[in-house]
Amino acid sequence: MQPDELLRDLTEPQRAAVTHADGPLLVLAGAGSGKTRVITRRAAYLALTVTRPRHVAAITFTNKAANEMRQRIAAFGLPGMTVATFHSLCARLLRQYAGQVGLKSNFSIYDESDRNEVVRRAVVESGLALDQWSVGRVVPAISLAKNHMLTPAEYTGKEVQDFGARTIARIWEKYDELMRERNAVDFDDLLRLVARMLEEKPEIRDDLEDTYRYLLIDEYQDTNLAQFEIARRLCRKRQNICATGDPDQSIYGWRGATIRNILEFEQHFPNAKVVKLEQNYRSTPRILAVASHLIASNKRRKEKTLWTHNDDGPPVRVVECEDADSEAEFVARSIADLAAAGTALRDVAIFCRINSLTRVLETALRNGGIAYQVARGVEFYNRKEIKDTVSYLRVLANLDDDVSLARIINTPARGIGPTSIERLADYARAHNKRLIDALREADRIEGVGRAAAKIRQFVKMLDELRGAAGKPLRELIETVLDVTGLEDEFRQTSTDDNNRVANVEELISSAARFQEESDEPTLVNFLSQVSLVSDQDAIKSESGCVTIMTLHAAKGLEFPVVFMVGLEDGVLPHARARDDPNQMEEERRLCFVGITRAMRQLTMSRARRRQIRGTWIPTVRSPFLMELPLQEIEWQSEQEGQFRTGRPIFGYGGAEPFPTEQWAQQRSRRGWDRRADPDAEERPRHWTDDDDPPAGRHGRQASRERRETGRAKSSHAESSTDKAGGGSSHGIKVGQLVTHGRYGVGRVASIDGWGEDAKASVEFKPPTGRRTFFLKFGTIRPAR
DNA sequence: AGCAAGATGCTTTTT
DNA sequence: GCATCTTGCT
């Protein structure tokens, strides 16, 4: 293949991103801008021009992304490239260099539940009470600290006075110790240990830098500090890092991702070239307008303007329903209508902020006879039968793995009860031995009397199985299932709903596939893959049904028709984000991600009443709805079962469609009433002038008007709104760009008058020309 | 060992 | 309000 062939059908900015050879490169890839295409082309282009495939490494977050990329690159016929997720690459490196970082290369990778088990143990062994130091409290603290590359000492360091922090650090140290004993690492360790290794072992880093000469890092906006350090340390010599991502789609801050990594890329990598991909191939201009207008309220971002050649499509709708049930029915009915008109169900998706909202939707779709699937986080590998089987395999691979061993001692039930297991564990701890050694010495342990014989049998069985550990994977797993009695158990407990036998068979075939496809199909490597693969990777688009999923799960996907439900204050944005401006921005990005998944038709909805934990409560409209460009949107309101199109009333979010007498009184009493002019309700809210981004860090145009993002102090439309009645804070200045519902964007030429009489003269593009508006009517609004 | 009644807790969840 | 885990009982 000729390199030029890779460029033929690319746009100018895409080409620039693909052909940039040496030195740091940041590709700001807007939603739907053909990012994957650019990355894969770039990988191939580099391999054909400035280097060879084996010196190119593309790193992604999900297996799904990695697989897709691998496939596309394979089409170029350039074998030998590294395409991996951060975690799988790190696991590979840690196995390779295990000895140098204090691990054995057969280490186990612990998932959430395994890790929780060890944390629980660490709490107990630290002499603390589990109900006070619950997993839910300890785990996130440690995980976050690890992702920020802290050590326990550094973690306490800042807050020596803080008893809580000191205790967490103590538990953490214990936890690390227990993990080392078990020859196990968790997901966070994979990253952290590699990052540390690259710093502390210059000779290893040197080798790796010579291997991975060109780095491509995808979804860079979702990297945490550990991942950033890995990337940075891998390109220290050559600085050949290409990061792609979109700050507006950073939605994993709560997991330790740092949006700063992408915002400050140019500081971290001086002389970086920046390419913006702003042409969108996915959505209609209307959808993009809505998305852009919303995200403009964020401060922590990089300026970017999405545009498209696509045709207009139907208007974006916002629908306010009486309650959650009728919202779900509305969605179901709309989908039924679409289906009747020829839309395929697989082209339709429903997004919600939290999983608990799916239930009403499921009911409504079922009642409406509409086929659907829920993309749940319930993973294949978390099923009991899979975990049981995998635990046996883990023990065979890593005899130090006490957590897995404890899990299988009595699975299937063989008369070794919890008391005996506890005694064994106590003995092991007291004598500083592994659990497996305690098992072998069971006869000598006090209080294990009757179970001792059964333990002996179990150990014998394990030794037998270990003899089979070298067999091909399929055979090995089948032997395990047979010898342990698991197979019989699964056969007996399988139901139509939950076919355990079939699930285990799926595991076997994935092992067989691994055996064929992997370069090094060892048991340890298979287990690695099992730990690092989730079935989020397997959201099928082929099934002929509607997909219900969370906004997080929706990232990276696209659907012709999208419904977003629950646009309510406390749901989206989530209540717990409400008093933190940074979290509010993340919620807004989440909303943005949802909107930009839609290709042709987008409907956002909200219920005026919703059942939260059992009781019906009136909701408040999401502040994000009020940040949408009103003139772009068709508003519908349900009243007594009828849907009417009309303008919403801002500042009002109660259970009634329109203000009640009581509400109106309350409103004027508080002094935030607005005139009854219907146009006035369209005016954007919350303009302030003192709200620029922090000290021009990223060199933004200071002149640009920024919208207040907060609304954090109160859930009602509040005072800042209604300075508008008083005059000067309509937020419109001479020279500023404003939009008008009919005439579009224009520039303010002059402002005359004051207060009620203030009017602006606005210059629009021909043929409209210059027009004058009374500001009090709010017909022109600041554009962004 | 197995079940049933209580207790708990409840955003999102790439790996 | 509900599902999931724990505890206590037989």
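Labels below follow one simple rule: chain letters A, B, ... track the order of the sequence lines, proteins then strands, and each chain is numbered from 1.
Closest to the A/F187 side chain, of the nucleotides B/dT13, B/dT15, C/dC2, is B/dT15. Of the listed nucleotides (B/dT13, B/dT11, C/dG1), B/dT13 has the atom at the smallest distance from the side chain of A/T550. The side chain of A/H574 approaches B/dT11 more closely than any other nucleotide in the set C/dA3, B/dT11, B/dT14. The side chain of A/R613 lies closest to C/dG1, out of B/dT13, C/dG1, B/dT15.
Along DNA chain B, the nucleotide nearest to A/L551 and the one nearest to A/R414 differ in position, and the one closer to the 5' end is contacted by A/R414.
For B/dT11, the OP1/OP2 oxygens have no side-chain nitrogen or oxygen of A/N355 closer than 4.0 Å. For A/R353, no side-chain nitrogen or oxygen approaches OP1 or OP2 of B/dT11 to under 4.0 Å. Put simply, A/N63 has no side-chain N or O that comes within less than 4.0 Å of OP1 or OP2 on B/dT14. At B/dT15, none of the side-chain N or O atoms of A/N224 fall inside 4.0 Å of OP1 or OP2 (strictly under the cut-off).
If you measure from atom CD of A/Q611 to atom C1' of B/dC10, you get 15 Å, rounded to the nearest angstrom. Straight-line distance from the CZ atom of A/R92 to the C1' atom of B/dT15: 15 Å, rounded to whole Å. Computed from coordinates, the A/L357 CG to B/dC10 P distance equals 17 Å when rounded to whole Å. If you measure from atom CG of A/L144 to atom P of B/dT15, you get 19 Å, rounded to the nearest angstrom. The interatomic distance linking A/F61 (CZ) with B/dT13 (P) rounds to 17 Å, in whole Å. As rounded to whole Å, 8 Å separates atom P of B/dT14 from atom CH2 of A/W254. Distance A/D114 CG to B/dT15 C1': 14 Å, rounded to the nearest Å.
Salt bridge absent: A/D114 and A/R407 never bring a charged side-chain N and a carboxylate O closer than 4.0 Å.
Residue A/D218 is classed as having no contact, given no heavy-atom separation below 4.0 Å to the nucleic acid.
Figure legend: cation-pi geometry between A/R414 and A/F458 absent, as NZ or CZ is not positioned both under 6.0 Å from the six-membered ring centre and within 45° of its axis.
A gap of 15 Å separates the P atoms of B/dT12 and C/dC5, to the nearest Å. When the C1' atom is compared between C/dA3 and B/dT14, the two are found 26 Å apart, to the nearest whole Å.
Just one of A/R621, A/R606, A/R578, A/R610 meets the salt bridge (Lys or Arg N to Asp or Glu O under 4.0 Å) condition when paired with A/E568; it is A/R610.
With 3.5 Å as the limit, one finds no donor-acceptor pair spanning the side chains of A/Y110 and A/N116. Using modelled atom types, one finds no donor on one side chain facing an acceptor on the other under 3.5 Å when comparing A/T411 with A/K384.
Side-chain contact between A/R115 and A/V119 is present, with heavy atoms from C-beta onward closer than 4.5 Å.
Looking at A/R255, its side chain has no donor and acceptor atom pair within 3.5 Å of the base of B/dT12.
The base-pairing partner of C/dC5, taking Watson-Crick or G-U wobble contacts with both distances under 3.5 Å, is B/dG6.
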